[in-house]
Amino acid sequence: MVVGDIATGTEVLVIGGGPGGYVAAIRAAQEGLDTTLVEKAAYGGACLNRGCIPSKALITGSGLAHEAGNAEFMGVHADPAVDMGKMVEWKDGVVDRLTSGVEKLCKANGVNLVPGTASFVDEHTARVAHGGEGQGSESIEFEHAIVATGSRPVQIPGFDFAEDHVWTSADALDADTVPDRLGIVGGGYIGMELATTYAKLGADVTVVEMLDDILQPYEDDVKRIVRKRAEELGVEFHFGEGASEWSEAADGGYLLHTETEEGEESTYGVDKILVAVGRQPVTDGLDPERAGIETDDRGFVETDDRTRTAVEHIHAVGDVAGDPMLAHAASKEGIVAAEVIAGEPAALDQQAIPAAVFTDPEIGTVGMTEAEANEAGFSPVVGQMPLRANGRALTLNEREGFVRVVADADTEFLLGAQIVGPEASELVAELALGIELGARLEDVAGTIHTHPTLSEAVHEAAVAARGEAIHTR
Ligand code: FAD
């Protein structure tokens, strides 16, 4: 113990108050365990403060401005002016409401909240340095620990986040003015959500991506629709180019330099450069090795299907434990960790984890694609409903997109779904539930869906997979 430390003890020490950590802490407290949650910055982690929630708030604001200004064909004439400072203030209000809600929920469930930065001393002790000069520190002895320290954006050589014009996604969510020209390095889901947002806010957006397309894990027909819509919004794509450096331009802006694998160089004039090339685990300062915790070659903490690290009484959940780096996956892992510690037979036994991309239109996926089902040895049957044949989609002025379900031909068990279209992030929940319940095509097909809704496309895709489509041929 360091001189001046206060020593305390707890049954469960949770490090990090994001969606992995705070959910784990609440569940552990509900299990009757004495639980302490240490958070060094703000409750809610990346998700609430600089990820899921703020990005979706700006997607709503930018979408509203764009739609209002582009609805003359519907008889709506408007020329909306965006006050970015006001939009960010509204977004901050949403964030504050949620983060203070997390703090209240933790307290109401009896979780001891300790602000500060935790690091391991050994496999049963952590030291928490309280923020600020003279704030002191404390030693916490724990029986079990849950590491939920999350992730941060990957920085690439030549693009120092300390520079004012080099943005992380967090900077892009806090800007109180819209740059005239935004260069985005990386066409993954964070890059594409922000490309759509800023294009709708009026910026000229240029995306450079090393691969030959956006949204690498998704199927071609899914990506094509999102890319086409982004292009219609004016987003310019340059594939097969890696960002190499930036330089100052004569016009007061900057030049984003790129290079192909063959060494061909290009430059693009920009005012800000958003680097969105992936996220890396946060373990610096945590000293996991002092507790015997093992990390892989990229720094992610290795865990088993019960979220245990190499040290059985220490668990790791969420982004720090690697893919899937999604908030809802982090929360589920947090619940499993707490229940395992409480002695319950919990494990990560999900059949499928849904994922959503909040581009325009949205993407919602769960489980296997047709190709993955083939690879896994199934004989898949596929049903697809184009949204242009769905009444509600047309009343929303949406014609592009589809719902596709993948099932096993022999048993009709649902295996997966791919949805592109408005509210795809919501629609996918029905199919995630179906997969989890072991539903068959006939269960979805036999369920009456409300008319007129987008969910009828889910129904129709299941009906189509059975060869009985009414609204498509
Ligand atoms: P985090 O949320 O990163 O929380 C970790 C917490 O630990 C932080 O609060 C940090 O301050 C704290 N901490 C770290 N080290 C210490 C320490 N030593 N001591 C004390 N505290 C510490 N996911 C989705 O599912 N849907 C989305 O739409 C979505 N959109 C996103 C948009 C953006 C722009 C970004 C960046 C991410 C998005 N994500 C989304 C991903 C999502 O935010 C993460 O998967 C999620 O936050 C991971 O939760 P976590 O609890 O593992 O970590």
Side-chain angles (χ1 to χ4, degrees), residues 13-25 36-59 91 99 102-103 113-120 126-131 137 140 145-154 167-174 184 186 188-195 197 274-288 300-301 303 307 315-335 337 353-359 362-364 424-425 428:
L13 174 69
V14 182
I15 304 175
Y22 84 76
V23 170
T36 301
L37 171 63
V38 184
E39 169 54 56
K40 70 175 179 184
Y43 297 108
C47 173
L48 264 54
N49 293 284
R50 47 188 187 282
C52 325
I53 296 298
S55 60
K56 270 79 246 181
L58 292 195
I59 285 168
K91 176 268 291 178
T99 54
V102 165
E103 188 173 351
L113 296 177
V114 177
T117 304
S119 54
F120 286 105
R127 189 165 169 273
V128 179
H130 301 302
S137 62
I140 302 182
I146 302 174
V147 177
T149 48
S151 64
R152 68 160 64 89
V154 169
W167 276 0
T168 62
S169 51
D171 297 321
L173 296 170
D174 272 341
I184 300 184
Y189 85 92
I190 293 177
M192 283 307 300
E193 286 186 4
L194 287 165
T197 304
L274 163 64
V275 179
V277 296
R279 295 181 65 82
Q280 64 189 51
V282 173
T283 52
D284 45 305
L286 183 68
D287 297 331
F300 290 101
V301 177
T303 54
T307 72
H315 295 241
V317 302
D319 284 9
V320 75
D323 286 332
M325 291 166 80
L326 294 169
H328 45 282
S331 296
K332 177 65 188 178
E333 289 164 20
I335 285 177
I353 299 171
V357 181
F358 294 77
T359 39
E362 292 182 357
I363 300 173
S425 58
V428 76

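These numbers come from a predicted model, not from an experiment. All ligand and atom numbering here is 1-based and tracks the order in the structure. Counting begins at 1 with the first residue of the sequence.
- Looking at Ala276, Pro19, Ala330, it is Pro19 that brings a heavy atom closest to atom 46 (C) of ligand 1.
- Geometrically, ligand 1 and Lys56 share a nitrogen or oxygen pair separated by less than 3.5 Å.
- Among all non-hydrogen protein atoms, the one lying nearest atom 3 (O) of ligand 1 is Gly150 CA, 3.4 Å.
- Side-chain N or O atoms of His328 include one that pairs as donor or acceptor with a backbone N or O of Pro354 at under 3.5 Å.
- In this structure, Ala172 does not count as a contact residue of ligand 1, since none of its heavy atoms falls inside 4.0 Å of the ligand.
- The parts of Leu326 lying near ligand 1 are both backbone and side chain, judged by heavy-atom distances below 4.0 Å.
- Counting heavy atoms closer than 4.0 Å to ligand 1, residue Met325 contributes backbone atoms (N, CA, C, O) but none from C-beta onward.
- Note on ligand 1: Ala355 sits outside its first shell, no heavy atom being nearer than 4.0 Å.
- Residue Tyr22 places every heavy atom at 4.0 Å or more from ligand 1.
- Atom CG of Leu37 sits about 10.0 Å away from atom CD of Glu103, to the nearest 0.5 Å.
- Distances between N or O atoms of Ser169 and those of ligand 1 include no value under 3.5 Å.
- When the side-chain contact (heavy atoms from CB on, under 4.5 Å) test is applied to Thr197, the partners found at least two apart in sequence or on another chain are Leu58, Ile59, Ser62, Leu201.
- From the protein, the heavy atom lying nearest to atom 45 (O) of ligand 1 is Asp319 OD1, 2.9 Å.
- Taking both residues in full, the closest heavy atoms of Ala424 and Ile363 are given as CB-C, 3.8 Å, listed atom of the first, atom of the second, then distance.
- Not one N or O of Val282 is nearer than 3.5 Å to an N or O of ligand 1, by distance alone.
- For ligand 1, the atoms lying closer than 4.0 Å to a non-hydrogen atom of Gly318 are 52 (O).
- Close contacts between ligand 1 and Gly116 involve ligand atoms 19 (N), 20 (C) [criterion: under 4.0 Å to a heavy atom].
- Heavy atoms only, all atoms of each residue included: Ser151 and Asp319 are closest at OG-OD2, 2.8 Å.
- Contacts with ligand 1 closer than 4.0 Å are made by side-chain heavy atoms of Ile190 only, the backbone lying farther away.
- Looking at Cys47 next to ligand 1, an N or O pair under 3.5 Å apart turns up.
- Where the criterion is an N or O separation shorter than 3.5 Å, residue side chain and backbone included, Ala118 meets it with respect to ligand 1.
- Taking all atoms of both residues into account, the shortest heavy-atom contact from Gly18 to Glu39 is N-OE1, 4.3 Å.
- Inter-residue side-chain proximity for Lys332 and Val23 is flagged as unmet; no heavy-atom pair is nearer than 4.5 Å.
- Considering both main-chain and side-chain atoms, Gly20 comes within under 3.5 Å of ligand 1 through a nitrogen or oxygen pair.
- Shortest contact from atom 38 (C) of ligand 1 to any protein heavy atom: Tyr189 OH, 3.2 Å.
- A pairwise comparison of heavy atoms in Pro115 and Leu113 identifies CD-O, 3.8 Å as the closest pair.
- When the shell of 6.0 Å around NZ of Lys91 is examined, it contains more than 12 heavy atoms from other residues, nucleotides or ligands.
- The closest protein non-hydrogen atom to atom 11 (O) of ligand 1 is Glu39 OE2, 2.6 Å.
- Nearest protein heavy-atom contact of atom 32 (C) of ligand 1 is Gly51 C, 3.4 Å.
- Residue Leu286 has no N or O atom closer than 3.5 Å to an N or O atom of ligand 1.
- Taking every heavy atom of both residues into account, Ala172 and Leu194 meet most closely at CB-CD1, 4.1 Å.
- Neither the backbone nor the side chain of Pro153 has a heavy atom within less than 4.0 Å of ligand 1.
- The line from CD1 of Ile146 to CD of Glu333 is 11.5 Å long, rounded to the nearest 0.5 Å.
- In this structure, Arg152 does not count as a contact residue of ligand 1, since none of its heavy atoms falls inside 4.0 Å of the ligand.
- Remark: Asp171 pairs with Thr168 by the side-chain hydrogen bond (donor to acceptor under 3.5 Å, both in side chains) rule, at least two apart or across chains.
- A donor-acceptor pair under 3.5 Å is formed between the side chain of Thr149 and the backbone N or O of Val282.
- Within the model, atoms CZ of Arg152 and CG of Asp284 stand 4.0 Å from one another, a figure rounded to the nearest 0.5 Å.
- With a 4.0 Å heavy-atom cut-off, ligand 1 is reached by the backbone of Ser151 but not by any atom from C-beta on.
- Annotation: atom 42 (C) of ligand 1 to nearest protein heavy atom, Cys52 SG, 3.8 Å.
- In terms of protein heavy atoms, atom 1 (P) of ligand 1 is closest to Ala46 N, 3.6 Å.
- Taking atom 14 (C) of ligand 1 as the reference point, the nearest protein heavy-atom neighbour is Thr149 O, 3.4 Å.
- The N/O atoms of Glu193, backbone and side chain alike, include none that comes under 3.5 Å of an N/O atom in ligand 1.
- Atom CD1 of Ile184 is separated from atom CH2 of Trp167 by 9.0 Å, given to the nearest 0.5 angstrom.
- If you run side-chain contact (heavy atoms from CB on, under 4.5 Å) between Pro54 and each of Asn49, Leu173, Leu48, only Leu173 comes through.
- Close to ligand 1: Ser55, with a non-hydrogen atom less than 4.0 angstrom away.
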